[in-house]
Amino acid sequence: MSKKKVLPRGTSRLVSRTCLCLHVQRAARALARHFDEAFRPLGLTHGQFSLMMSLNRPEPPNIRQVSEVLAMDRTTLTANLKPLRRRRLVRVAVDESDKRGRRLALTPAGRDVLARAVPIWRRAHAAVERGLASSDPERLRADLRAVSQWRAPAAGGGGT
């Protein structure tokens, strides 16, 4: 009969106190709820706001460019575009330089909604930064950018 291997409870406490992935996920969920609530009057989510903001460029970007900015795979990006397209806030057009590709652009209605969302974002963002009074928001942003650029070692080379 095999004996079940049981991890000591202290290991679970150690992971819950120190796991960077867990703490970043919890923080991301809290921020998402905060911004989703702020954008609710416009019928936007924080993800839609970020996606629309990534399209606010002089020239319409292609799907690859937007997926890189948002650190999102193309399939997920395409799914996230659907509600914005249905509301006619975003337009997807054939890329004239590569007929296989697509370019993404805000419509006039999309630019209007985005312009109304920015003051909401500023207020919601300022509230978050006030909540970080004992921390350095610039340092936090720099650390998060560094984490977002991090590449995992080969399989089996480490944990969270």
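Keep in mind the model is a prediction, meaning the values are calculated, not measured.
The hydrophobic cluster containing W121 also contains L42, counting ILVMFWY residues as joined when their side-chain heavy atoms lie under 4.5 angstrom apart, directly or transitively. No path of Ile, Leu, Val, Met, Phe, Trp and Tyr side chains, each step under 4.5 Å between heavy atoms, connects L132 with V24, placing them in separate hydrophobic clusters. L31 and L51 fall within a single hydrophobic cluster, where Ile, Leu, Val, Met, Phe, Trp and Tyr side chains are chained together by heavy-atom contacts under 4.5 Å.
Looking at S135 and L140, their side chains never come closer than 4.5 Å, going by heavy atoms from C-beta outward. Taking the side chain as every heavy atom from C-beta outward, R87 and L44 approach each other to under 4.5 Å. Counting heavy atoms from C-beta on, the side chains of I120 and F49 never come closer than 4.5 Å. Side-chain contact between T18 and H23 is absent, with no heavy-atom pair separated by less than 4.5 Å. In this structure, the side chains of R91 and L104 stay at 4.5 Å or more apart for every pair of heavy atoms. The closest side-chain heavy-atom distance from D143 to R139 is below 4.5 Å.
Using a 4.0 Å cut-off between charged side-chain N and carboxylate O, E68 and R64 make a salt bridge. Taking 4.0 Å as the cut-off between side-chain N and carboxylate O, D112 and R116 count as a salt-bridged pair. Between K99 and D95, no side-chain nitrogen of the basic residue sits less than 4.0 Å from a carboxylate oxygen of the acidic one, so the salt-bridge criterion is not met.
The line from CG of L114 to CE of M53 is 4.0 Å long, rounded to the nearest 0.5 Å. To the nearest 0.5 Å, atoms OG1 (T11) and CZ (R9) are separated by 10.0 Å. Atoms CG and CG, from L81 and L89 in turn, are 11.0 Å apart once rounded to the nearest 0.5 Å. Put simply, SG on C19 and CD on Q25 are 7.5 Å apart, with the number rounded to the nearest 0.5 Å.
Residue F35 comes nearest to V128 through the heavy atom pair CE1-CG2, 4.2 Å, listed as atom of the first residue, atom of the second, then distance. V66 and P61 get closest at one heavy-atom pair: CG2-CG, 3.5 Å. Taking both residues in full, the closest heavy atoms of V69 and R57 are given as CG2-NH2, 3.4 Å, listed atom of the first, atom of the second, then distance. The two residues R103 and S97 have their closest heavy-atom pair at NH2-OG, 4.1 Å. Taking all atoms of both residues into account, the shortest heavy-atom contact from L77 to I63 is CD2-O, 3.5 Å. Heavy-atom minimum distance, R102 versus V94: NH1-CG2, 3.7 Å.
Side-chain atoms of H34 come within 3.5 Å of backbone atoms of A124 as a donor-acceptor pair (strictly under, hydrogens ignored). Panel note: side chain S67, backbone D73; no donor-acceptor pair is recorded below 3.5 Å. Formation of a donor-acceptor pair under 3.5 Å by the Q48 side chain with backbone atoms of T45 is found in this model. Using a distance-only test at 3.5 Å, with no hydrogens or angles considered, no donor-acceptor pair links the side chain of Q149 to the main chain of A146.
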| said: Test side-chain contact (heavy atoms from CB on, under 4.5 Å) on L70 and S50; report intermediate values, then the result. | reply: CA-CA 8 Å; L70 298 175; S50 295; 4.2 Å; yes

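No more than 12 heavy-atom neighbours from other residues, nucleotides or ligands sit within 6.0 angstrom of CZ on R122. The 12-atom threshold is not exceeded at CZ of R85, counting heavy atoms of other residues, nucleotides or ligands nearer than 6.0 Å.
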